[in-house]
There are 2 protein chains.
Amino acid sequence: MRTPRRSAVDESRTRTALLDAAQGLMLEEGYAAVSSRRVGAKADMNPAMVHYYFGTMDGLFIELFRRGAERSFEQLTRALLSAQPLWGFWEATHDQTSSAMTMEFIALANHRKAIRSEIAGYSRRFRQTQLDVLSRVLVGYGVDPQVWPPVTIILMMAGISRFLLIEQEFELDTGHAEMIAVIERHIRELEGDRVLDPAPLASRDG
Amino acid sequence: MRTPRRSAVDESRTRTALLDAAQGLMLEEGYAAVSSRRVGAKADMNPAMVHYYFGTMDGLFIELFRRGAERSFEQLTRALLSAQPLWGFWEATHDQTSSAMTMEFIALANHRKAIRSEIAGYSRRFRQTQLDVLSRVLVGYGVDPQVWPPVTIILMMAGISRFLLIEQEFELDTGHAEMIAVIERHIRELEGDRVLDPAPLASRDG
DNA sequence: GTCTATAGCTGGATAGAC
DNA sequence: GTCTATCCAGCTATAGAC
């Protein structure tokens, strides 16, 4: 009997507007801009609403993190279950918004301990899912796990992708095209050309 | 006739103590903990000293960033000019303190524009130096630049290293050992076993 | 160079009216 | 659910004594 995932208050339009406002501020000006007053102003609402819906600012941050994480997890799952899981995963790691939010939360975690454990928990879950699916996929492609353990391929793609995204925010792009080309060459060797919007398998031949 | 690099005020003990205090706070509690009051308290000094030495908080942050960047640059140069430049570079990317500070400054840059251009400028300089040296080195090792352009090797090592460091701060280490093993296996193929504290070439048979 | 004092602002949180 | 009013804390920055 845990807390129900969705209470009445979770679905309120006001609540969603506050989360949206907080996310906007975080992306545009960093987490330090996310104050109850500024969130209220951006959502055209009274600052006191933040406390009514989330209690404390920590509460707001945690709910915002969870909302984003759940969305990313759905995106990840869809990517991994598609016909080209490697391509899907690689593209999922490019999500600019999600990556920028993650960076802010990582910085936040330094002085908000509740955020820290939230991030750690979700990260474990993400990694496990990636590993479960891609381990099977890579073995299927004939990649020798002694030479390239699946987890290293995941860490490489995730790490490089995030690094490039961060650099992009500073208008640095030296070598980015070459880096992407090298990675995609390897993906292509395993999984063929990227097929955009591939038809679901079930619909083939009706 | 630009501003001289080192004025009298630059070498003051007080100034150094303030920078040290700011750095400590930043690492322990994140950039948001770096206020003139807290820096003053940590350095056992009056908060007004911060404004005397740095003018504004932005001034403090910029000087702190530069001090760290200069130190890292010296470390990088030493690593690249050593007998095993690839090993040296790889190890330089592991600097926990430097990486954590960089993360904080990246987050800061989101709402402090002066920081943003400071980071971009130094990053370009770092990348250029890495590229100049490692391009020659890798060609010397016989790495085909058509298949593995030097810049991709740099980006891979830097990106992966930072990713692992971030995860470590959240007590995540799944696959880290395997990832490091794979990278070091490749470095070893090019540059042999790591020789710790190698004697300078000049002293051999000297 | 160092300190006190203080102006002026922004923020978190709550009580209580409606 | 929403809003007003308010308390208290912490912050930057400056003026001016020593």
Side-chain angles (χ1 to χ4, degrees), chain A residues 6-26 28-65 104-105 107-115, chain B residues 6-26 28-65 104-105 107-115:
Chain A
R6 299 248 138 205
S7 63
V9 88
D10 277 0
E11 279 154 12
S12 119
R13 217 163 293 181
T14 305
R15 196 187 120 103
T16 302
L18 290 170
L19 287 173
D20 291 344
Q23 174 160 341
L25 283 168
M26 209 154 166
E28 291 151 20
E29 301 182 51
Y31 72 77
V34 182
S35 65
S36 53
R37 281 170 156 87
R38 293 205 58 190
V39 168
K42 190 164 174 108
D44 268 317
M45 278 178 327
N46 196 289
M49 290 292 92
V50 173
H51 294 97
Y52 176 76
Y53 280 96
F54 304 102
T56 64
M57 291 308 289
D58 253 54
L60 168 63
F61 281 120
I62 288 180
E63 289 304 303
L64 183 56
F65 177 80
E104 289 298 320
F105 279 115
L108 243 188
N110 213 336
H111 64 286
R112 298 207 183 230
K113 297 313 170 192
I115 302 282
Chain B
R6 301 247 136 205
S7 63
V9 89
D10 277 358
E11 279 154 14
S12 118
R13 218 163 292 180
T14 304
R15 196 187 119 104
T16 302
L18 290 170
L19 287 173
D20 292 343
Q23 174 160 341
L25 283 168
M26 209 155 168
E28 291 151 19
E29 302 181 50
Y31 72 76
V34 182
S35 66
S36 53
R37 280 170 155 84
R38 295 206 57 190
V39 168
K42 189 164 175 110
D44 268 317
M45 279 178 327
N46 196 288
M49 289 291 92
V50 173
H51 295 98
Y52 176 76
Y53 280 95
F54 303 102
T56 64
M57 292 307 290
D58 253 54
L60 168 63
F61 280 121
I62 288 180
E63 288 305 303
L64 183 56
F65 178 80
E104 289 298 321
F105 280 114
L108 243 188
N110 213 335
H111 64 286
R112 299 209 183 228
K113 297 312 170 192
I115 302 282

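All values below were derived from every heavy atom in this structure, side-chain atoms included, with hydrogens, water molecules and symmetry-related copies excluded. So you know, we letter chains A, B, ... as the sequences are listed, proteins then strands, and number each from 1.
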*OP1 or OP2 of D:dT2 less than 4.0 angstrom from a side-chain nitrogen or oxygen of A:T14, does that happen here?*
yes
*Within this structure, what is the CE-to-P distance between B:M49 and C:dT2, rounded to whole angstrom?*
5 Å
*To the nearest angstrom, how far is A:H111 atom NE2 from D:dG10 atom C1'?*
13 Å
*Looking at A:L19, A:I62, A:L64, which one forms a side chain to side chain contact (heavy atoms under 4.5 Å, CB included) with A:F54?*
A:L19
*B:R15 side, atom CZ; B:M45 side, atom CE - distance, nearest 0.5 Å*: 12.0 Å
_CG on A:D20 to CG on A:L25, rounded to 0.5 Å_ = 11.0 Å
*Which parts of nucleotides 4-18 of chain C does protein reach within less than 4.0 Å, heavy atoms only, written one letter per nucleotide 5' to 3' as B for base, S for sugar-phosphate only and - for none?*
B------BBBB----
Please set out all donor-acceptor pairs under 3.5 angstrom arising from side-chain atoms of residues 31-40 of chain B, sequence neighbours excluded.
residue, atom, partner, partner atom, Å
B:S35, OG, B:R38, N, 3.2
B:R38, NH1, B:E29, OE1, 3.0
B:R38, NH2, B:E29, OE2, 2.8

*Within this structure, what is the CG-to-P distance between B:D44 and C:dT2, rounded to whole angstrom?*
13 Å
*asked:* Could you measure the distance from the CG atom of B:L60 to the CD atom of B:E63? Nearest 0.5 Å is fine.
replied: 8.5 Å
*Distance, rounded to the nearest Å, where B:R13 contributes CZ and C:dG1 contributes P*: 12 Å
*Mind checking ring pair (Phe, Tyr, Trp, His ring centres under 6.0 Å) for A:F61 and listing every partner two or more places apart, or none if nothing turns up?*
none
*Quick one: is B:Y52 getting a side-chain N or O under 4.0 Å of the D:dT14 phosphate, OP1 or OP2?*
no
*Atom CG of B:L60 and atom C1' of D:dC11: how far apart are they, to the nearest Å?*
14 Å
